[in-house]
Amino acid sequence: MSQNLSPNPTYDVIILGASGFTGKCVIREALKFLNVPSSPLKNLAIAGRNTSKLSQALQWASRPNLPPHIPILTADTTDPSSLRYLASQTKIILNCVGPFRLYAEPVVEACADSGCDYLDICGEPEFMERMEVMYHEKAVEMGSLIVSACGFDSVPAELGLMFNSRQWLPPAVPNRVEAYISLESDKRIVVNFGTYESAVLGVANMGKLQELRRSRRRRRRPVIPGTSPKGAMVNHLKEVGLWGVTLPSADATVVRRTLSCLAEDPRGLPGVNESAEQVKRREAFWSSIKPAHFGMKIASKSLLGVVRFIIVGKIIGLFSKSGVGRWLLLNFPSVFSLGFFRKKGPTEDEVASATFKMWFVGQGFSDGSLVSQGNRKPDVQIITRVMGPEIGNLTTPIILVQCALILLKERDSLPRGGVFPPGIVFGPTDLQDRLQQNGISFDVISKKTV
């Protein structure tokens with residue numbers, strides 16, 4: 001326990017930014033597990049700048065019941081003292097204040113300094129990798145576990161790849177896995193404005209990410225059997241009737257970070273105080289994971305839908321380069337995204353009718369020991385699927401809360417501290433089982449020779 005964090009923190013969890021679109025949904029999800037006999041979540045607080053809005057969010061999240069008596073705390077990302085107070089009073093901060101590149105660093109700093117654990121729903125690679133550079137050593141020293149991307153970005157991608165990987169039974173090995181994201185609804189598909197804002201700022205700051213990576217020590221790369229594949233930007237996944245186009249999302253970046261961590265520590269990250277059984281479980285899990293080249297595609301049932309994705313991507317790429325262009329993109333999201341995003345976000349009916357499917361198409365070899373003999377091509381295909389409810393207001397809160405519950409229940413079996421992607425931390429835990437119990441399924445679709 002760090003010297004700054006109280007030996008008996010007042011709260012198990014504080015939700016920061018709880019009055020935002022996603023924040024209030026995180027409250028609603030957390031309330032399902034508050035003071036439930038089997039749950040480790042015994043006390044909870046919410047925090048933000050405006051107590052009136054926080055109170056309204058709590059009322060909304062509690063419907064149809066009356067809101068429980070939960071402390072409402074005032075905190076502002078521009079006020080470091082308020083963040084240090086939060087971090088000193090709780091075991092975990094769940095940060096829902098984005099865009100994270102603009103507002104989240106002071107929260108990470110407060111947690112790293114205090115020894116408080118930190119989870120967020122960030123999908124911004126530059127922010128995540130910058131936090132690793134700046135705060136990893138401090139977090140290790142103080143025992144603060146800092147894990148970004150604990151929402152739809154990027155847990156389904158991380159666990160989905162691992163689930164596909166575990167289907168390759170020896171001597172079979174994968175070479176590449178491509179994930180196809182399909183968003184489906186009986187009504188209009190609308191994604192939260194925060195996701196769009198993060199995407200615009202991410203494209204605008206791509207140069208900073210590249211500069212950051214050039215300045216860092218090159219991380220160890222995993223050894224993957226076979227040659228590196230060269231995939232087409234657009235392709236047709238006949239098995240499930242989808243067209244896909246390459247998606248430059250955070251998911252691929254986060255997965256590669258986890259695979260790099262695994263290349264450096266093949267048995268995974270040791271826990272603070274693991275039992276012999278927990279060590280055995282962790283090592284057995286990671287021995288079953290086989291690295292593969294990984295890519296993401298956004299999918300549509302029609303080629304016209306893919307063309308629409310390409311047009312939106314080109315618009316964001318072009319307009320993000322200038323201040324005026326970014327102003328137009330952020331002030332008129334519905335126009336420039338062809339209706340995919342709007343400032344108000346999706347309605348409750350649109351949320352209720354929306355689902356996602358993420359198809360993982362693995363290509364590999366029936367016998368890994370023979371790959372080096374000649375110019376062998378992949379001869380096996382394994383397709384798996386992760387499926388769940390609407391991504392922003394339902395799936396993301398489910399994942400974030402389950403990650404927090406694991407931290408509360410299994411902290412001794414997790415790393416002492418540091419800045420990590422979610423896969424390397426939560427892979428060996430029961431997170432997949434927990435998600436399946438809460439509406440996010442993992443299925444094997446097909447295995448065949450090709």
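Quick caveat: nothing in here was measured; it's all calculated off a predicted structure.
Atom CZ of Arg216 is surrounded by more than 12 heavy atoms from other residues, nucleotides or ligands within 6.0 Å. No more than 12 heavy atoms of other residues, nucleotides or ligands sit less than 6.0 Å from atom CD of Glu137. The environment of Arg326 atom CZ is dense: over 12 non-hydrogen atoms of other residues, nucleotides or ligands sit within 6.0 angstrom. With a 6.0 Å radius and a threshold of 12 heavy atoms from other residues, nucleotides or ligands, Glu264 has its CD atom above the threshold. The 12-atom threshold is not exceeded at CZ of Arg220, counting heavy atoms of other residues, nucleotides or ligands nearer than 6.0 Å.
Between the side chain of Ser260 and the main chain of Arg256, a donor-acceptor pair closer than 3.5 Å is present. Side chain of Asp79 to backbone of Ser81: a donor-acceptor contact under 3.5 angstrom is found. The backbone N or O of Cys116 sits less than 3.5 Å from a side-chain atom of Ser144, completing a donor-acceptor pair. Using a distance-only test at 3.5 Å, with no hydrogens or angles considered, a donor-acceptor pair links the side chain of Glu390 to the main chain of Asn393. Not a single donor-acceptor pair under 3.5 Å links the side chain of Thr396 to the backbone N or O of Gly151. At least one donor-acceptor pair closer than 3.5 Å links the side chain of Arg282 to the backbone N or O of Arg267. With hydrogens and angles disregarded, no donor-acceptor distance shorter than 3.5 Å links the side chain of Arg385 to the backbone of Met358. Put simply, the side chain of Thr90 never gets that close to the backbone of Ile93: no donor and acceptor are under 3.5 Å apart. Listed for the Asn164 side chain is a donor-acceptor partner under 3.5 Å among the backbone atoms of Ile382. Looking at Asp117, its side chain does come within 3.5 Å of a backbone N or O of Leu145 through a donor-acceptor pair.
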request  = Show your reasoning for whether side-chain hydrogen bond (donor to acceptor under 3.5 Å, both in side chains) applies to Thr347 and Asp349.
outcome  = CA-CA 5 Å; Thr347 65; Asp349 285 344; 5.4 Å; no
request  = Check the pair Val155, Thr395 against side chain to side chain contact (heavy atoms under 4.5 Å, CB included), reporting the backbone distance first and the verdict last.
outcome  = CA-CA 10 Å; Val155 168; Thr395 288; over 6 Å; no
message = Run the side chain to side chain contact (heavy atoms under 4.5 Å, CB included) test on Thr74 and Ser82 for me, step by step, so that the C-alpha distance in whole Å, both residues' side-chain angles and the decisive distance to 0.1 Å come before the verdict.
response = CA-CA 7 Å; Thr74 302; Ser82 70; over 6 Å; no
task = Show your working on side chain to side chain contact (heavy atoms under 4.5 Å, CB included) between Leu31 and Ile70 and close with a plain yes or no.
result = CA-CA 10 Å; Leu31 291 179; Ile70 291 176; 3.4 Å; yes
task = Check step by step if salt bridge (Lys or Arg N to Asp or Glu O under 4.0 Å) holds for Glu129 and Arg257.
result = CA-CA 9 Å; Glu129 295 184 33; Arg257 285 177 63 207; 5.3 Å; no
request  = Check the pair Glu350 / Lys187 against salt bridge (Lys or Arg N to Asp or Glu O under 4.0 Å), numbers first and verdict last.
outcome  = CA-CA 6 Å; Glu350 288 167 340; Lys187 302 182 183 296; over 6 Å; no
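When all heavy atoms of Pro421 and Val147 are compared, the pair lying nearest together is C-CG1, 3.9 Å. Contact record, Arg411 with Arg416: NH2-O, 2.8 Å, taken as the closest heavy-atom pair. Shown here for Pro346 and Val351, the closest heavy-atom pair between the two residues is CG-CG2, 3.7 Å. Contact detail for Pro40 and Leu405: the closest heavy-atom pair is CG-O, 3.6 Å. Listed here is the closest heavy atom pair of Pro428 and Trp286: CG-NE1, 3.2 Å. Leu83 and Pro106 get closest at one heavy-atom pair: CD1-CB, 3.5 Å.
Side chains of Ser185 and Ser353: a donor on one and an acceptor on the other come within 3.5 Å.
For the side chain to side chain donor-acceptor pair (under 3.5 Å) test, residues two or more places apart in sequence or in another chain that qualify with Asp12 are Lys91. Partners of Phe340 under the ring-ring contact (aromatic ring centres under 6.0 Å, His included) rule, at least two apart in sequence or in another chain, are Phe309. Contacts of Phe420 classified as ring-ring contact (aromatic ring centres under 6.0 Å, His included), with partners at least two apart in sequence or in another chain: His136. With sequence neighbours excluded, the residues forming a salt bridge (charged side-chain N to carboxylate O under 4.0 Å, His left out) with Arg281 are Glu410, listed by chain and number. Take Lys32 and apply the salt bridge (charged side-chain N to carboxylate O under 4.0 Å, His left out) test, not counting sequence neighbours, and it matches Glu29. Looking at residues two or more places apart in sequence or on another chain, you find a ring-ring contact (aromatic ring centres under 6.0 Å, His included) between Phe163 and Phe442. Tyr103 is linked by a ring-ring contact (aromatic ring centres under 6.0 Å, His included) to nothing, counting only residues two or more places apart in sequence or in another chain. Arg63 pairs by the salt bridge (charged side-chain N to carboxylate O under 4.0 Å, His left out) definition with Glu348, not counting sequence neighbours.
With rounding to the nearest 0.5 angstrom, the CG atom of Leu54 is 11.5 Å from the CD atom of Gln59. Atom CG of Leu435 sits about 7.5 Å away from atom SG of Cys403, to the nearest 0.5 Å. Distance check, rounded to the nearest 0.5 Å: CG of Leu183 to NZ of Lys357 gives 11.5 Å.
Looking at heavy atoms from C-beta onward, Lys297 lies out of side-chain contact with Val245 at the 4.5 angstrom threshold. At a threshold of 4.5 Å between non-hydrogen side-chain atoms, the residues Ile398 and Pro389 count as touching.
The list of side-chain hydrogen bond (donor to acceptor under 3.5 Å, both in side chains) pairs with a residue in residues 287-296, not counting sequence neighbours, is empty. Residue pairs meeting the side-chain hydrogen bond (donor to acceptor under 3.5 Å, both in side chains) criterion with at least one partner in residues 146-160, sequence neighbours excluded, are Asp120-Ser148, Ser154-Asp251, Glu158-Thr258. Applying the salt bridge (charged side-chain N to carboxylate O under 4.0 Å, His left out) test to pairs two or more places apart or on separate chains, none has a residue in residues 417-427. Among residue pairs with one or both ends in residues 137-157, those qualifying as ring-ring contact (aromatic ring centres under 6.0 Å, His included) are Phe152-Phe356; sequence neighbours excluded.
The only member of Leu94, Ile399, Val425 that meets side-chain contact (heavy atoms from CB on, under 4.5 Å) when paired with Leu119 is Leu94. The side-chain contact (heavy atoms from CB on, under 4.5 Å) test with Ser19 singles out one residue from Gln56, Lys53, Lys24, and that residue is Lys53.
Looking at Glu126 and Lys208, no side-chain N of the basic residue comes within less than 4.0 Å of a carboxylate O on the acidic one, giving no salt bridge.
Note: Phe341 and Tyr196 have tilted aromatic rings, judged against thresholds of 30 and 60 degrees for the angle between ring planes.
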